[in-house]
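Indexing begins at 1, ligand by ligand and atom by atom, following the structure's order.
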Amino acid sequence: MILPSILSADFSKLGAECEEVLRAGGDFLHLDVMDGHFVPNISFGPHVVESIRPEIDAYFDAHLMISEPLRYAPALVKAGANNITFHVEAVDDPVATARELRKLGCHVGITLRPATPVDAILPALDEVDLVLIMSVVPGFSGQKFMPEVLPKARDVKKRLRADQRLEIDGGIHVGTIEQTRDAGVDWFVVASAIFDRPDRAGAIAELREKLGG
Ligand code: DX5
Ligand code: ZN
């Protein structure tokens, strides 16, 4: 699956941007929620998700780069998020956090910064639907892919059940996507390599071509 991340969209016409990347071949939308505390950037919250939801039929994959995921997750699910991914570094008890999120009726993901070892997420692995490997330091689009996270992706993939997904986020473009697929990634988040191109359909087609169509 290719997930355009709207962090690089033109927010003056966000609804149209979302529709365009989906029409252009994007599978799901990736929504980066940032609080200016867990990461040094602020993006958007439930109200923006709620605003675009009626126009968009796609699956909403929310990536919470915030210090208190359990505080804001209910509003995000109500606004239309289908999956809530939280950062293991943001919580004291990842297992309890995943279980609380599950009660909201959404899918649940766990993620970790590039510098965080895989060990940190292992206790919660059984509780989640997906693991997101961050391949940049979270906070901004347009950063350079960090290949040193690939061993983590391979390690996690080996531990996942068949019904769990492996996702990667940060610096994914035609020059990096193949090595992440080879490491076992199922879901590819892409912001700048889609939104910074006038021809979004062409950008997504090139990415799919690298994945083998
Ligand atoms: C980074 C965000 C990403 C970001 C990816 O903190 O989580 O989703 O939008 O941007 P690119 O694809 O440009 O690296
Ligand atoms: Zn993200």
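- Near V190, meaning under 4.0 Å from one of its heavy atoms, ligand 1 places the atoms 12 (O).
- H107 and N82 share no side-chain donor-acceptor pair at under 3.5 Å.
- Counting the atoms of ligand 1 from 1 in the order shown, those under 4.0 Å from a heavy atom of V189 are 8 (O).
- When A191, S43, P138, S192 are checked for heavy-atom proximity to atom 10 (O) of ligand 1, A191 turns out nearest.
- The single protein non-hydrogen atom nearest to atom 5 (C) of ligand 1 is D169 OD1, 3.5 Å, given as residue, atom name and distance.
- A distance-only check finds a donor-acceptor pair linking the side chain of T97 to the backbone of D93 [under 3.5 Å].
- Counting non-hydrogen atoms of neighbouring residues, nucleotides and ligands closer than 6.0 angstrom, the CG atom of D10 exceeds 12 such neighbours.
- One N or O on the side chain of D27 and one on the backbone of I2 form a donor-acceptor pair closer than 3.5 Å.
- Cluster partners of Y59, by chain and number: M1, L3, F28, L130, L132, M134, V136, W187, V189. The rule joins Ile, Leu, Val, Met, Phe, Trp and Tyr whenever side-chain heavy atoms lie under 4.5 Å apart.
- Interface atoms of ligand 1 facing H30, defined by a heavy-atom separation under 4.0 Å, are 8 (O).
- Between G170 and ligand 1 there is a heavy-atom distance shorter than 4.0 Å.
- Taking any N or O of S141, backbone or side chain, at least one lies under 3.5 Å from an N or O belonging to ligand 1.
- Residue G142 approaches ligand 1 through these ligand atoms, each under 4.0 Å from one of its heavy atoms: 10 (O), 11 (P), 13 (O), 14 (O).
- A donor-acceptor pair is defined here as one N or O able to donate and one able to accept, closer than 3.5 Å; such a pair exists between the side chain of R102 and the backbone of E127.
- By the 4.0 Å N-to-carboxylate-O rule, D126 lies too far from R99 to be salt-bridged with it.
- With a 6.0 Å radius and a threshold of 12 heavy atoms from other residues, nucleotides or ligands, Y72 has its OH atom at or below the threshold.
- With respect to T85, the side-chain contact (heavy atoms from CB on, under 4.5 Å) criterion is satisfied by exactly one of I110, L101, V131, D61: D61.
- Looking only at atom types and distance, the side chain of D32 has a donor-acceptor partner in the side chain of S5 under 3.5 Å away.
- For the pair A183 and K157, the tightest heavy-atom approach, listed with the atom from each and the gap, is O-CB, 4.0 Å.
- Nearest protein neighbour of atom 6 (O) of ligand 1, counting heavy atoms only, is G139 N, 2.7 Å.
- The shortest N or O to N or O distance between M65 and ligand 1 is not under 3.5 Å.
- Remark: R53 is positioned above the aromatic ring of F60, its terminal NZ or CZ atom under 6.0 angstrom from the ring centre and at most 45 degrees off the axis.
- Counting non-hydrogen atoms of neighbouring residues, nucleotides and ligands closer than 6.0 angstrom, the CD atom of E55 exceeds 12 such neighbours.
- Every heavy atom of S8 sits 4.0 Å or more from the atoms of ligand 1.
- The Zn ion (ligand 2) has H30 NE2, D32 OD1, H63 ND1, D169 OD2 as protein N, O or S atoms under 2.8 Å away.
- Counting heavy atoms closer than 4.0 Å to ligand 1, residue S5 contributes side-chain atoms (C-beta onward) but none from N, CA, C or O.
- Considering backbone and side-chain atoms together, G171 places an N or O closer than 3.5 Å to an N or O of ligand 1.
- Atoms of ligand 1 lying under 4.0 Å from at least one heavy atom of H63, given by number and element, are 7 (O).
- From the protein, the heavy atom lying nearest to atom 1 (C) of ligand 1 is F140 O, 3.6 Å.
- Cation-pi geometry between R113 and F38 is met: the NZ or CZ atom falls under 6.0 Å from the ring centre, inside 45° of the normal.
- Near L7, meaning under 4.0 Å from one of its heavy atoms, ligand 1 places the atoms 9 (O).
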